[in-house]
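Structure first, commentary second.
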Amino acid sequence: IIQTLMEDNMKYFSTILMSLLLINNINAKDYLFEGYAISELSTIEISDNFKFSAYTSEGMWDDNNGDYGNEKCSGYLKQQNQKVELEIFCETINQNNEKFWNSRIRKSDKGGGIGKMTIINGTGKYKNFIGYECPYGVNYKKQYAWFRAKCKIKN
């Protein structure tokens, strides 16, 4: 009975291990980028339902390639009723001083949402990332932002 239980557990363990390896392989061509920042808005309130803001943020990031660093962003945010339109540009620098620049565009409800990050220029290894269009999600709590993008790596 003990041997049967051990064999069943090994089959279960093997199945889980194979599933994890398969999932890892499926996602092996994805580039995952996560950022954490403090943002600041300078706002003009045009009416009760319309605000326009200059947006800046500074923070840190890491990715699934083991890179990490800091970034700064600048752009605008237009809020009409509860809808937000945002366009910002970011300079991202890794631990080896390699850089990439990206735009982030989002049209969603106030407080966070889904948008598109496009890598528009890069140095070092990031030259190969130019042109990537990556869906992203962002969430805010007061001035703090959590950002995550997932890019399909081009072959």
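Count residues from 1 along the sequence.
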Q: Answer yes or no: is there an ion pair linking K72 with E58, defined by an N-O contact shorter than 4.0 Å?
A: no
Can you tell me how far [atom2] of [Y] sits from [atom1] of [X], rounded to the nearest 0.5 angstrom?
X    : Y    : atom1 : atom2 : result
T43  : K51  : OG1   : NZ    : 7.0 Å
K107 : K116 : NZ    : NZ    : 10.5 Å
T118 : E133 : OG1   : CD    : 4.5 Å
E34  : K150 : CD    : NZ    : 11.5 Å
E87  : I105 : CD    : CD1   : 4.5 Å
E40  : T56  : CD    : OG1   : 5.0 Å

Q: Could I get the full list of side chain to side chain contact (heavy atoms under 4.5 Å, CB included) partners for N96, not counting sequence neighbours?
A: N94, E98
Q: Go through the structure and list residues passing side chain to side chain contact (heavy atoms under 4.5 Å, CB included) with I46, not counting sequence neighbours.
A: I44, F50, F52
Determine yes or no for a side-chain-to-main-chain donor-acceptor pair under 3.5 angstrom, with [X] supplying the side chain and [Y] the backbone.
X    : Y    : result
S108 : G112 : yes
E91  : I93  : no
S53  : Y55  : no

Does the side chain of [Y] come within less than 4.5 Å of [X]'s, by heavy atoms?
X    : Y    : result
K78  : V84  : no
M117 : C151 : yes
F100 : N102 : yes
I130 : N121 : yes
C134 : Y132 : yes
I119 : W101 : no
R148 : L32  : yes
N64  : F33  : no

I need the minimum non-hydrogen distance between [X] and [Y], along with the two atoms involved.
X    : Y    : answer
G75  : I88  : CA-CG2, 3.8 Å
W61  : T92  : NE1-CG2, 3.2 Å
A145 : V138 : CB-CG2, 4.4 Å

Q.
Suppose we call two aromatic rings close when their centres sit under 6.0 Å apart. Are F129 and Y31 close by that rule?
A. yes
Q.
Would you say Y140 ends up clustered with L77 if hydrophobic residues are merged whenever their side chains have heavy atoms under 4.5 Å apart, either directly or through other cluster members?
A. yes
Q) Transitively linked via ILVMFWY side-chain contacts under 4.5 Å: I38 with W146? A) yes
Q: Identify whether NZ of Lys or CZ of Arg in R104 sits under 6.0 Å from the centre of the six-membered ring of F147 and within 45° of that ring's axis.
A: yes
Q: Answer yes or no: does atom NZ of K127 have more than 12 heavy-atom neighbours from other residues, nucleotides or ligands under 6.0 Å?
A: no
Q | Pairs where residues 77-116 contributes a residue and the test disulfide (SG to SG under 2.5 Å) is met, not counting sequence neighbours | A | C73-C90
Q: Indicate whether the side chain of S57 and that of S39 have a donor and an acceptor atom separated by less than 3.5 Å.
A: no
Q) Just checking, any donor-acceptor pair under 3.5 angstrom between side chains of Y76 and E85? A) yes
